[in-house]
Asks: 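For reference, the structure I am asking about is given below.
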Amino acid sequence: MKLNAFTVDNIPLIKKGDDIASMICERTKIEDNDIIVVASTIVSKAEGRTFRLEDINAGEEAKRIAGMHGLDARFVQAVLDRSHEVLVEFPIFLVETNNGHVCIKAGIDESNVDKGYLAYLPPDPDLSAQMIGESIEKVTGKKISVIVTDTNGRAFKIGQTGIAIGVYSIHPIKNWKGQKDLFGNTLAITEEAVADEIAGAANLLMGEGDGGCPVVIIRGLELRSQDGSVKEMYRSDREDVIKKGLRSLNKI
Ligand code: GDP
Ligand code: MN
Ligand code: MN
């Protein structure tokens, strides 16, 4: 078996209104079943999802949390505005975004954004992935998948990795339940987080700094599906013992 992963080179600095799909199609030859992995930073910039702290008014809660971290209260307000729950206030500022993604500071940061500006995550990253994907399919006539990624930490380990925050035409989870292992045992619980695995692989080529590689193509996997949503990965509140634990910590 073989997997190909390569960057789409010479993508310029992305500005509001840029057509990411066309930029990709102009720079590479797309094939059926390609998985186009796009860093959320450029999706945010193309969609104009950037802001300046000068334009934010911080409320009391933002000021209180900002004080614990020594952060700018306007930044904390921007995080609160994009979040429907704060899971941990301190020593990490962990939230669940309005779209259901749990991450530090709602994924808002200033890295790789014009000076003086910050970028927030696309509010509906599945929709962003879909718009890019449908547009690439229209131009090329090929059937592809798209994964929009961000870089996130892990709960129990040091180090960040690429993860999927939005998908188009790929199920983020591959279900192995009912399949046999080498010894004929039936697998009972294994669900493979393929979209996160692909995001991690793509992120190896993107890097985090000034590499200028926000798009990676993964070729050689047959994971395309008719539909798919990143929400298939998010545990329901009822099943999520970690969230329950974090909420109970806040009450101490
Ligand atoms: P995130 O993981 O989505 O937060 O994105 P990063 O800020 O880590 O950037 C991922 C990759 O995309 C890095 O190689 C950056 O240098 C690159 N990148 C970010 N913005 C742009 C852009 O506007 N144009 C180009 N060509 N590369 C960019
Ligand atoms: Mn990011
Ligand atoms: Mn990154």
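A quick note: this is a predicted structure, and the numbers were derived from the prediction, not measured. Counting convention: from 1, in listed order, for ligands and their atoms alike. Numbering starts at 1 and runs along the sequence shown.
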Asks: How about L71 and K105: do any of their side-chain heavy atoms sit closer than 4.5 Å?
Replies: yes

Asks: So, 2.8 Å as the limit: is an N/O/S atom of T41 located closer than that to the Mn ion (ligand 3)?
Replies: no

Asks: Assess the side chains of Q77 and D81: does a donor N or O sit below 3.5 Å from an acceptor N or O?
Replies: yes

Asks: Within a reach of under 6.0 Å around CG of D181, are more than 12 heavy atoms found that belong to other residues, nucleotides or ligands?
Replies: yes

Asks: State the atoms of ligand 1, each with its element, that fall below the 4.0 Å cut-off from a heavy-atom position in T151.
Replies: 2 (O)

Asks: Considering only heavy atoms from C-beta outward, does the side chain of V43 approach that of I20 to under 4.5 Å?
Replies: yes

Asks: Going by atom types only, do H101 and N152 share a side-chain donor-acceptor pair under 3.5 Å?
Replies: yes

Asks: Among protein heavy atoms, which sits nearest to atom 5 (O) of ligand 1, and what does the distance come to when rounded to 0.1 Å?
Replies: T41 OG1, 2.9 Å

Asks: Of the choices P214, P12, G212, which has the non-hydrogen atom that lies closest to atom 24 (N) of ligand 1?
Replies: P12

Asks: Check F51 against A78 and note the closest heavy-atom contact, atom names and distance.
Replies: CZ-CB, 3.5 Å

Asks: Could you list the atoms of ligand 1 found under 4.0 angstrom from a heavy atom of G209?
Replies: 13 (C), 15 (C), 16 (O)

Asks: Should you measure from each heavy atom of K45, which atoms of ligand 1 turn up under 4.0 Å away?
Replies: 20 (N), 21 (C), 22 (C), 23 (O)

Asks: Could you tell me the residue and atom name of the protein heavy atom closest to atom 19 (C) of ligand 1, and the distance to it rounded to 0.1 Å?
Replies: N112 CB, 3.6 Å

Asks: Considering heavy atoms of the protein only, find what lies nearest to atom 10 (C) of ligand 1 and give residue, atom and distance to 0.1 Å.
Replies: G207 O, 3.6 Å

Asks: Between N203 and E208, do the side chains contain a donor N or O and an acceptor N or O under 3.5 Å apart?
Replies: yes

Asks: Please write down residue, atom name and distance for the protein heavy atom closest to atom 26 (N) of ligand 1.
Replies: I11 O, 2.6 Å

Asks: Quick check: does I14 get an N/O under 3.5 Å from an N/O on ligand 1?
Replies: yes

Asks: So which heavy atom in the protein is nearest atom 8 (O) of ligand 1, and how far is it from that ligand atom?
Replies: E208 OE1, 2.9 Å

Asks: Does a salt bridge link D34 with R219, judged by any charged N lying under 4.0 Å from a carboxylate O?
Replies: yes

Asks: If only side-chain N and O atoms count, and only distance matters, is there a donor-acceptor pair under 3.5 Å linking K180 with T186?
Replies: yes

Asks: If we only count heavy atoms from C-beta on, is the E85 to L246 side-chain gap below 4.5 Å?
Replies: no

Asks: Check this for me - ligand 1, S40, N or O atoms closer than 3.5 angstrom, yes or no?
Replies: yes

Asks: Counting neighbours of CD on Q179 that are heavy atoms of other residues, nucleotides or ligands and sit closer than 6.0 Å, is the number greater than 12?
Replies: yes

Asks: What is the minimum heavy-atom distance between T41 and S111, and which atoms define it?
Replies: CG2-O, 4.2 Å

Asks: For M206, counting its heavy atoms only, list the atoms of ligand 1 lying under 4.0 Å from any of them.
Replies: 11 (C), 13 (C), 14 (O)

Asks: Distance under 4.0 Å to a non-hydrogen atom of D210: what atoms of ligand 1 satisfy this?
Replies: 16 (O)

Asks: Output the list of atoms in ligand 1 that are nearer than 4.0 Å to some heavy atom of T149, sorted by atom number.
Replies: 3 (O)

Asks: Provide the number and element of each atom of ligand 1 under 4.0 Å from a heavy atom of A39.
Replies: 3 (O), 5 (O)

Asks: Given OE1 of E208 on one side and OG1 of T151 on the other, what angle do they make at the Mn ion (ligand 3), to 10°?
Replies: 90°

Asks: Any idea which protein heavy atom is nearest atom 11 (C) of ligand 1, and the distance to it?
Replies: C213 O, 3.7 Å

Asks: Got a sec: is D150 within less than 2.8 Å of the Mn ion (ligand 3) via an N/O/S atom?
Replies: no

Asks: Taking 4.0 angstrom as the limit and counting only heavy atoms of I42, give me the atoms of ligand 1 inside it, by number and element.
Replies: 20 (N), 21 (C), 22 (C), 23 (O)

